[in-house]
Amino acid sequence: MADQIGIEIRNLYKIFGPRAAELMEKVRAGATKTELNEQHHHVLGLNNINMSMAAGQIHVIMGLSGSGKSTLIRHINRLIDPTAGEVMVGGENVVGMSKEALREFRRHQTAMVFQKFALLPNRTVLENTYYGLEIQGVPHAKRVDAAMRWIERVGLKGFEKKYPNQLSGGMQQRVGLARALSNDAPILLMDEAYSALDPLIRVDMQTVLLDLQKEIRKTVVFITHDLDEALRLGDSIAILRDGEIIQQGTSQDIVLRPADAYIENFVREVNRGRVIRADAAMAALNGAEPPAGRVSGSNTLDDAGRIMVQNGMTRLAVIDDHSGQPVGVLTMEAIMAAITRHNAAA
Amino acid sequence: MSWLTDFPQMDENHLRDLRKTIDEAFRSFTRSYGDTFEAMFEPLRIFMVQAERFMTQTPWLITLAIILAVAWLGSRSVKAVLATAATMLLIGYLGMWDDTMKTLAMIFVCTVICIVIGIPLGIAMARWNRMQAVINPVLDVMQTMPSFVYLIPVVMLLGIGKVPGLIAVVIYAMPPVIRLTNLGIRLVDKEMLEAADAFGSSDWQKLKNVQLPLALPTIMAGINQTIMMALAMVVIASMIGVQGLGQPVLRAISNQYFTLGMFNGFAIVGIAIIFDRVSQAFGKRLQKHSEVSHG
Ligand SMILES: Nc1ncnc2c1ncn2[C@@H]1O[C@H](COP(=O)(O)OP(=O)(O)O)[C@@H](O)[C@H]1O
Ligand SMILES: [Mg+2]
């Protein structure tokens with residue numbers, strides 16, 4: 001499998017319009033999206049984006065429609081050219097690549113999954129799945145082998161001779177995923193890959209991705225406008241508004257410490273019990289004797305509550321995942337406080 | 001104040017001189033380059049002669065079998081094949097077999113030329129907006145200019161015969177292939193092209209794997225129209241020496257042979273309907289998997 005590589009985005013700007021380069025100065029000097037739009041009829045797509053995405057993790061980029069998510073993810077494989085800034089992938093600057101180098105980079109370092117699937121209607125599932133390998137010139141037998149393996153892996157065995165329009169949306173996106181994975185690229189770009197799917201299918205597909213990720217350990221960039229999806233999938237989450245990143249952090253950071261009212265609005269509807277981890281709500285042990293009941297630090301408050309109810313307890317020892325040692329105490333009161341905090345605030 | 005009542009036109013003598021100058025220039029051009037042009041179009045003549053020879057000299061049973069096989073491969077419909085057989089047999093029985101074969105040869109050659117020239121032109125138009133801006137008006141002229149007008153220079157250059165006739169038909173019939181190739185490629189979903197790019201396709205791979213396959217049903221509709229327009233030109237082409245079903249019609253007009261004209265006219269209509277049905281059925285089959293469904 002390909003080596004893991006991370007992604008570094010530095011001072012990235014994108015202005016849409018013919019005089020983008022001239023307007024860069026104004027934007028650097030602090031012109032806003034609205035000003036640029038009203039005074040110059042240019043769209044400020046991205047405004048000074050800086051992100052560091054570690055290898056082998058799922059990085060979610062979240063924001064409302066029009067906030068610049070698609071624009072941002074398309075800079076990683078340079079489907080869109082930036083107005084200014086750098087995109088470093090595995091130590092190489094994508095922005096400076098020649099046409100040929102960029103093609104090679106897209107063939108071997110990145111793969112993409114699309115919101116509307118973008119499968120070729122005149123090709124079967126199998127032929128769609130090996131598309132990336134085909135254009136790399138991989139021999140037929142070898143690419144069929146690889147494609148079949150991934151078709152099976154995403155749960156489409158037996159469907160390889162079908163055409164996309166004979167499949168449901170969820171199944172079509174499985175093909176999209178298999179096509180991307182067949183490329184065996186270290187970076188997987190998913191632009192609202194699940195947004196077109198029904199809610200139940202969507203949760204299914206999230207599970208598929210999480211299961212796969214345990215094994216493939218790719219650097220996944222996942223775009224969504226759905227906070228539940230972001231919290232479920234993201235090792236890290238960045239929130240975008242009007243082309244600017246307004247908060248970056250883990251799901252705990254976003255839910256427990258929203259940076260402003262905009263994010264607080266998002267977070268309000270979240271089921272906190274399913275997001276907040278036991279170790280985020282516990283009190284330190286401070287040398288005291290840990291209670292008999294135990295819960296893993298990475299478990300959610302929901303899980304902890306269930307353990308308490310099942311065992312008739314009100315206090316649990318929180319165990320550190322790595323050391324296996326108790327590091328804190330989680331009480332029923334602490335769980336209630338963490339879950340209802342937003343209600344108290346509202 | 002005569003310019004108020006009579007249009008202030010160019011002086012008669014100047015006008016005559018203008019026409020004379022242009023005519024003479026073109027005539028001397030014809031004299032010096034006519035042979036060159038004829039040599040240039042020699043491969044076309046050979047192609048046409050061979051096609052005609054094949055269609056008329058092959059035993060009719062074999063030709064009929066080939067025609068029916070093509071109808072079957074295109075339409076996959078027993079009904080269409082039976083209708084084709086009935087039409088062809090009736091045409092033959094009414095004594096028009098040879099002329100029909102010559103017309104089919106002409107349509108075949110014309111269609112091949114239109115495809116070979118038209119599809120690359122359409123692709124170029126889809127790719128470069130500048131190209132589209134240049135070619136579109138030319139196509140408009142090709143389609144609206146009465147064919148007799150552009151027959152004049154063609155005949156002056158190449159004389160009367162198969163090749164000038166063929167060129168006239170090609171000029172008239174080619175625009176739909178070009179236009180619909182351009183349109184078909186431009187209509188390809190943007191996300192589909194993005195996907196091709198994201199996987200690192202070269203321009204050629206993108207054209208071959210994505211743009212042409214997705215545009216194919218539209219291109220087929222263009223080819224269908226081209227064939228229909230070529231058939232519509234059969235009679236005019238026969239005026240400058242293209243053999244086939246058009247010539248009896250011409251004879252019928254000048255001699256008032258009502259029945260002869262009708263028979264040949266209906267033969268042309270019969271062929272047109274066969275072409276149309278078969279190529280449309282073929283187009284539909286191409287589209288079988290193309291309705292993209294979401295959700
Ligand atoms: N090619 C373009 N030309 C002009 N404006 C664009 C273009 N692409 C996107 N935009 C604008 O950039 C902003 C961000 O768009 P996008 O990245 O598609 O948002 P999202 O994916 O978050 O919905 C929007 O205001 C959109 O209108
Ligand atoms: Mg988008």
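The basis for the numbers below is simple: all heavy atoms, side chains too, and nothing from hydrogens, waters or symmetry mates. Reminder, nothing fancy here: chain letters follow the sequence lines and each chain counts from 1. Bear in mind that the values here come from a model prediction, so they are computed numbers and not experimental data.
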Undergrad: Which atoms of A:Q173 come close to chain B, meaning under 4.5 Å heavy atom to heavy atom: side chain ones, backbone ones, both, or neither?
TA: neither

Undergrad: Do B:Q225 and B:R179 have side-chain N/O donor and acceptor atoms under 3.5 Å apart?
TA: no

Undergrad: Just checking, any donor-acceptor pair under 3.5 angstrom between side chains of A:T207 and A:R232?
TA: yes

Undergrad: Of all of A:E104, A:R123, A:R74, which one pairs up most often with chain B through heavy atoms under 4.5 Å apart?
TA: A:R74

Undergrad: Is A:Y131 close to chain B through its backbone or its side chain, or both, or neither, when contacts mean heavy atoms under 4.5 Å?
TA: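 Side chain only.
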
Undergrad: Under a 4.5 Å cut-off applied to non-hydrogen side-chain atoms, are B:L193 and B:Q211 in contact?
TA: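 B:L193 vs B:Q211: side chains touch.
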
Undergrad: For chain A, which candidate among B:G200, B:S202, B:S201 shows the most heavy-atom pairs at distances under 4.5 Å?
TA: B:G200

Undergrad: If I take atom CD from residue A:Q213 and atom CD from residue A:Q206, how far apart are they, to the nearest 0.5 angstrom?
TA: 14.0 Å

Undergrad: Between B:T226 (side chain) and B:A173 (backbone), is there a donor-acceptor pair under 3.5 Å?
TA: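 Checking the backbone N and O of B:A173 against the side chain of B:T226, a donor-acceptor pair under 3.5 Å is found.
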
Undergrad: Look at A:L189, A:N183, A:N77, A:T110 and state which one has the largest set of heavy-atom pairs under 4.5 Å with chain B.
TA: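 Top option by heavy-atom pairs under 4.5 Å: A:N183.
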
